[in-house]
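The shown structure was predicted, so the numbers you read here are calculated from the model rather than taken from an experiment. All residue numbers in this chain count up from 1 along the given sequence.
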Amino acid sequence: MKPENNYYITTAIAYTSRKPHIGNSYEIVLTDAIARYQRLNGKNVFFQTGTDEHGQKIEELAEAAGISPKAYVDGVAGEIKSLWDLMNCSYDKFIRTTDPEHEAVVKKIFRKLYDQGDIYKSEYEGWYCTPCESFWTETQLKDGCCPDCGRPVKKTKEEAYFFKMSKYQDRLMQYIEDHPDFIQPESRKREMVNNFLKPGLQDLCVSRTSFTWGIPVDFDPKHVIYVWIDALTNYITGIGYDPDGSSPEFEQFWPADVHIIGKDILRFHTIYWPIMLMALDLPLPKQVFGHPWLLFSQEKMSKSRGNVIYADDLCRHFGVDGVRYYLLKEMPFGSDGSITYETVIARYNSDLANTLGNLVNRTVAMTNKYFGGKVSRPEGGDELDAQLTGLAESTLGDYRNLMEGFRVADGLEAILNLARRANKYIDETAPWALAKDEANKEKLEGVLYRLLEVIRYLGVLLQPFLPDTADKIFAQIGSQTKSLDSLKAFGAEESYAVGKAVPLFARIDEAKKLAELEEEAKANVPEEEKEEVPGIAQIGIEDFAKVELRAAKITACEPIPKAKKLLKLTLDDGTGTPRTVASGIAPWYKPEELMGKTIVVVANLKPAKLCGVESNGMILAADCPNDQVKVLFLDDSIPAGSKIR
């Protein structure tokens, strides 16, 4: 039986295809903040993260790089671990799915599930997405592409082992109904139940024969164990699970208190994984929290879009705690967050330099100036004093409730509200004016003590978020009283002997920093990787000249069967031969609204087959606010076939 005080928390394991960008880094920082909070709350925490290292995509990347798959994943896994360490993440174990002990137990798990009849051999025929490592049926595709990532899929037929998902469907539905907090946030639970469980589960492909970079099925070596059983079981193999007899550590920490994962892999963790655990007769994790994405401006980050930002680059410019703060503060509980260099600078200056840093610096400096660095706890106080101390005490309860519900951004906001109130208290009490009259010395000492005690509150509460900054705060105010329990009643410290006032965060000149970032990007990015420069990827005039844009008139328009987003357009492009284009604008336009309109078509785009329609070109449209798309219409007086330049 797991001791009540033990707390097991995990991230999803990072896929070793490439270096993680700042959006990927959010998850480890979020999980670290929750783990640190639980330690602060007195829990015995085990925090696991790691890397997912098998699969066809890895095999292909390694071949392209001219090295072995193991050499490839060793390099990327090392890079990921270095980034997690740079971000000051306090994980207890970094597991790799190429660890021999993990591979050995995965083989045993596969055999156990096979022996008890939950896995059987058959043949798979369908559509496969290599980047997502997912199989799809014809009806599951969206506009002929992967429904998860939107990339092209390829027809695949091969022998495979399958897991009987349908056998456990009703049991999982009942479990989710009986445990309403199992999937968080609530909106994610509705999505899983309505979109996947209610329509019915298909049996899951759990082995492959078309590549070799994976854990072999020991009783059928031409098969390798597919990602679901290999990767998901890290949560139990990492703490000592073994079908032949688990370690004491497993008994001490399983079930997990929470898996922290991205919303894009929620299905795997709330459907596939619980069913595997049911088949293994193991308890399910208490919660799965699907966090939102961090977007560049309002777009998902990708190299092809030229909008990738990396954590180590940000840390060089804004410090580790500056980056941690932005990631944790800017991500709402249930919706996507956003990052640009401009918003990072603005948040750094307003919250860290002005609100927090200025409060600590002013208070420590005034304590040194007016009392030689030493003040004692006062007796009594007036209404202003009571407002400040009351908010400090109530902030603790708010903070606990928010952190227990994974509302980390709101927890940080509660801390900042206390800092803002303390800054206002300085303006209201005007210590510099009190210092002019010796008769006010006792009152002035009380003001500075209360400010220092509030700063200690801030230091204690900030420990999960900004651990280095919290340590600097304790050093400056001369306190080592860091427990949450010490905040239950205001005035735990009898006196303060402060150190030297040193700015926690230096204000950033926005124009200067943005220019510096731009110059650095130009200097450091190789020519062949220009698309990775943050912002809009630049091209030369010779690149633009390759794109042939022409005016075309829509002469016919109709929906494409089984394609909710596609319309089939027939265009007069001035050549005398009708041109067919499939365009994903059906959510925003009815066919009759487009008839006779003149639009812009990319005339020399390579043909592509979408849902059975050969599309010869692409029309231009604009992404607008509120997820709207508007086609670029031309003046009807422009003749069909006119070149756009």
Side-chain angles (χ1 to χ4, degrees), residues 15 17-18 52 54-64 69 110 119-166 195-196 199-217 220-232 264-265 267-268 271-272 302-304 558-569 580-584 586 605-618:
Y15 196 48
S17 58
R18 55 174 170 73
D52 174 10
H54 293 124
Q56 184 175 357
K57 187 175 180 180
I58 298 294
E59 190 171 84
E60 291 174 356
L61 288 168
E63 184 178 357
F110 194 94
I119 288 178
Y120 63 93
K121 185 190 285 190
S122 185
E123 188 174 75
Y124 181 85
E125 183 172 7
W127 298 94
Y128 182 66
C129 175
T130 300
C132 291
E133 297 194 278
S134 296
F135 289 103
W136 305 103
T137 63
E138 186 80 41
T139 56
Q140 289 174 317
L141 299 179
K142 289 187 178 179
D143 300 334
C145 295
C146 173
D148 275 357
C149 72
R151 294 182 178 93
V153 291
K154 58 185 178 183
K155 192 79 169 179
T156 302
K157 182 177 182 179
E158 64 180 274
E159 182 184 85
Y161 284 92
F162 290 82
F163 186 96
K164 294 180 180 178
M165 301 290 289
S166 53
N195 294 355
F196 297 102
L201 295 177
Q202 295 182 336
D203 289 349
L204 183 68
C205 177
V206 290
S207 80
R208 299 293 305 279
T209 58
S210 56
F211 62 90
T212 59
W213 180 238
I215 302 171
V217 175
D220 196 349
K222 70 177 180 180
H223 287 259
V224 295
I225 298 170
Y226 196 33
V227 60
W228 314 125
I229 292 179
D230 177 9
L232 288 167
D264 52 330
I265 55 174
R267 181 174 79 255
F268 314 134
I271 297 177
Y272 299 175
S302 74
K303 287 187 177 183
S304 61
E558 59 182 302
I560 297 176
K562 297 184 180 180
K564 295 179 180 180
K565 292 185 178 181
L566 292 177
L567 290 179
K568 178 183 175 183
L569 308 178
T580 300
V581 171
S583 180
L605 194 67
K606 183 179 179 181
K609 201 158 196 176
L610 300 175
C611 291
V613 174
E614 185 174 278
S615 180
N616 292 277
M618 178 173 64

>> Once rounded to the nearest 0.5 Å, what's the spacing between atom CG of L569 and atom OG1 of T580?
In response: 9.0 Å
> Measuring from I58:CD1 to H54:NE2, what's the distance to the nearest 0.5 Å?
Replying inline: 9.5 Å
> Do you know the tightest heavy-atom contact between Y161 and D220?
Replying inline: OH-OD2, 2.7 Å
>> Could you report the tightest heavy-atom contact between V581 and G617, atom names first, then the distance?
In response: CG1-O, 3.6 Å
>> Under a 3.5 Å distance rule, please check whether E159 uses its side chain to pair with a backbone N or O of K121 as donor and acceptor.
In response: no
>> Less than 4.5 Å apart, side chain to side chain, heavy atoms only: is that true for F268 and V227?
In response: no
> Is there side-chain contact between F110 and H223, with heavy atoms separated by less than 4.5 Å?
Replying inline: no
> Can you find a side-chain donor-acceptor pair between T212 and E59 that sits under 3.5 Å?
Replying inline: yes
> Taking C-beta and beyond as the side chain, do I225 and V206 meet within less than 4.5 Å on heavy atoms?
Replying inline: no
> Is K155 close to W127 at the side-chain level, that is, under 4.5 Å between some pair of heavy atoms?
Replying inline: yes
> How about W228 and Y226: are their ring centroids closer than 6.0 Å?
Replying inline: yes
> So how far is it from I560 CD1 to S615 OG, rounded to the nearest 0.5 Å?
Replying inline: 8.0 Å
> Has the side chain of E158 got a donor or acceptor atom that lies under 3.5 Å from a matching backbone atom of T209?
Replying inline: yes
> In Å and rounded to the nearest 0.5 Å, what is the CZ to OH distance from F163 to Y120?
Replying inline: 11.0 Å
> Quick one: CZ on F162 to OG on S207, what's the gap to the nearest 0.5 Å?
Replying inline: 7.5 Å
>> Is the shortest side-chain heavy-atom distance between V613 and L566 below 4.5 Å?
In response: no
> Short question: side chain of D203, backbone of M165 - any donor-acceptor pair under 3.5 Å?
Replying inline: yes
>> Can you tell me how far apart CD (Q56) and SG (C129) are? Round to the nearest 0.5 Å.
In response: 10.5 Å
